[in-house]
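For reference, the structure discussed in these notes is given below.
Chain letters run A, B, ... following the sequence lines, proteins first, then strands; residues in each count from 1.
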Amino acid sequence: MTRLAQPPGRLPGQGSVKTAQQALSSLTARRGGLPPAGIGLPCAVPGRRPKGWARVVRCQLSSPQRPLQASAVLRRVSDEQKKEPLASSSQQQFDSHPTDPQPEQEPQGPRPSYTGQGGQESEDYESEEQLQHRILTAALEFVPEHGWTAEAIAEGAKTLGLSVAAAGMFHSDGSELILHFVSQCNTKLSELLEQEQKLVQLGEAEKKPTDQFLRDAVEARLRMLIPYIEKWPQALSILLLPHNIPSSLNLLTSMIDDIWHYAGDQSTDFNWYTRRAVLTGIYNTTELVMMQDSSPDFEDTWRFLENRVADAMNMGDTANQVQSTGEALVQGLMGAAVTVIMVESLPIFSISQPLSAYAKRILR
Amino acid sequence: VYQVFESVAKKYDIMNDSMTLGIHRVWKDILMHKMNPSPGTLLLDVAGGTGDIAFRFINYVRSVRERQLQQKLKHHQNLSWQEISESYQEDKFKSLGDSQVVVCDINKEMLKVGKQKAQHLGYSEGLSWVLGNAEELPFDDDKFDVYTIAFGIRNVTRIDLALQEAYRVLKPGGRFLCLEFSHVSNPLLSRLYDIYSFQVIPVLGEVIAGDWKSYQYLVESIRRFPPQEELKAMIEDAGFLKVDYQNLNLGIVAIHSGFKL
């Protein structure tokens with residue numbers, strides 16, 4: 001579903017720049033989530049310009065997470081409805097994806113056929129990753145009690161009928177649980193924004209102005225934290241551990257990307273970066289404010305958010321204003337300088353005569 | 001195999017310490033940390049005659065349980081008197097929290113030494129000692145949360161049978177952990193290790209335990225044991241998933257772990 005466009009009969013190693021451009025533009029059109037290749041590619045290795053296909057691979061450092069996330073959406077949706085064999089087969093594709101650090105094993109026993117076996121799935125046939133996701137989802141309800149720890153995961157495994165030792169599959173500091181939760185929230189947010197967009201397209205709702213849209217999106221996302229708010233500072237600190245930073249940063253940037261995409265951002269210049277940086281700043285600061293907010297229903301936090309978004313909007317205007325003010329100022333100064341010189345020069349002319357006479361008298 | 005361990009039982013611990021220069025304690029501690037058991041876990045320790053793993057397990061679970069109870073008490077400080085009195089009636093504040101270890105060994109002498117050690121060190125609750133063969137465990141299916149075998153699996157004649165038995169007695173979601181001497185890939189260390197094994201260890205065996213032959217057998221059995229990847233494949237064949245291994249000391253010892261999912 002997210003395989004990059006490959007013209008038939010061409011090996012990946014021979015990809016030309018044209019293919020790369022096609023692939024990039026197709027991805028950009030799909031999600032608006034990548035800067036166009038025209039800008040100095042920030043993710044390319046400095047000093048080296050790998051050719052064609054390798055360049056595409058290099059530039060999509062963040063995209064492997066998206067296919068994985070997209071497949072996660074598919075998996076979750078299908079998990080809820082019924083255990084879809086189709087999801088498992090696409091799951092199997094991504095099982096061999098290099099982003100997964102641990103070696104994936106096939107389930108023991110006769111090879112399950114993933115095409116066509118309607119409602120006959122039993123637990124043996126789901127892949128390990130699916131089972132891991134189920135355990136983590138079940139563990140989330142124990143988080144308010146045990147925190148984001150291996151204990152919560154163990155309790156979650158118990159509810160699924162597995163032994164508590166199954167928590168040994170995960171890292172002992174609970175980071176997988178947090179990452180799972182964050183990606184789940186991001187997925188929910190995307191679905192929410194997509195639904196809203198559909199309503200607007202169908203004409204059933206009004207298109208919101210940008211600042212209102214951003215405010216609502218960030219508020220919706222932060223509200224998902226409310227059930228876990230007491231243990232969330234612990235989660236934030238775990239997400240900042242060095243071995244977690246790549247994944248947590250990935251999730252954060254893709255969420256911000258999503259929000260801007262649904263906000264209708266079509267920018268193709270440096271604005272792309274500033275917008276994302278600004279929104280990331282707003283989101284992070286609002287999250288921190290929320291941690292220590294004790295007002296009813298977090299009113300203070302939403303007011304803070306409102307002010308920050310307004311600031312950001314004004315900042316854009318101010319930047320323009322400053323520029324034009326600067327120009328006006330410079331012109332004014334120039335004019336003033338010319339006038340002053342002209343005015344000053346008159347007295348100087350009038351002074352110069354007696355001054356030179358005086359000078360002569362002294363020097364005599 | 002039986003006779004080797006009969007003669008070795010009494011001096012087992014001393015020999016372990018002298019052969020490995022005491023590092024075996026660290027290895028077993030690392031195994032315990034990897035297991036990270038929570039209170040309420042049922043452990044089966046196979047070929048764990050003198051009880052090293054079992055005692056470490058009990059210590060670990062006790063400390064985790066203490067921490068849990070402390071957390072509960074802290075939480076209690078916010079409750080009303082009514083709720084606190086109710087909780088006192090419910091909770092028995094068990095120090096082990098229902099965790100149990102079953103130590104199983106093929107050799108009666110090893111079990112005897114283990115029981116004596118337990119009494120001597122003061123471990124009374126949560127321990128059971130069972131005589132049994134790893135290839136044919138006297139337990140029902142789906143009983144245990146964790147199955148460990150520390151330095152025992154190379155003495156089993158048919159490793160695949162032992163692995164199948166392990167799979168059988170584990171609950172779904174249960175974990176298989178195996179701590180064993182393994183293959184050193186680093187050539188320099190491998191040479192040193194060989195020299196140490198073949199020259200020093202049998203001599204130590206003769207001096208301390210008065211038994212050259214058993215320790216020569218020991219060293220040879222280490223060499224004959226399949227290396228990490230092969231053992232991993234065998235564990236997968238028995239039906240375990242997410243099989244992984246961790247080398248300690250560059251491969252002198254390896255911990256293999258698998259899950260019954």
Pair A:His146, B:Gln71 - check side-chain contact (heavy atoms from CB on, under 4.5 Å), show working. CA-CA 9 Å; A:His146 294 281; B:Gln71 291 272 16; over 6 Å; no
Taking side chain as everything from C-beta outward and backbone as N, CA, C, O, which of these in B:Pro172 sits under 4.5 Å from a heavy atom of chain A? Side chain, backbone, both or neither. both
Is it the side chain or the backbone of B:Asn36 that comes within 4.5 Å of chain A heavy atoms, both, or neither? side chain
Report which part of A:Ala157 has an atom under 4.5 Å of a heavy atom belonging to chain B: side chain, backbone, both, or neither. neither
Could you tell me whether [X] atom [atom1] has more than 12 heavy atoms of other residues or ligands within 6.0 Å of it?
{"X": "A:Gln292", "atom1": "CD", "result": "yes"}
{"X": "B:Gln246", "atom1": "CD", "result": "yes"}
{"X": "A:Lys231", "atom1": "NZ", "result": "yes"}

Any heavy-atom pair between the side chains of A:Met169 and B:Arg175 that's under 4.5 Å? no
If every non-hydrogen atom of A:Ala165 is compared with every non-hydrogen atom of B:Asp145, which pair is closest and at what distance? CB-O, 3.4 Å
Working to the nearest 0.5 angstrom, can you tell me the gap between B:Leu261 CG and A:Leu162 CG?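 Going from CG on B:Leu261 over to CG on A:Leu162, the span is 7.0 Å.
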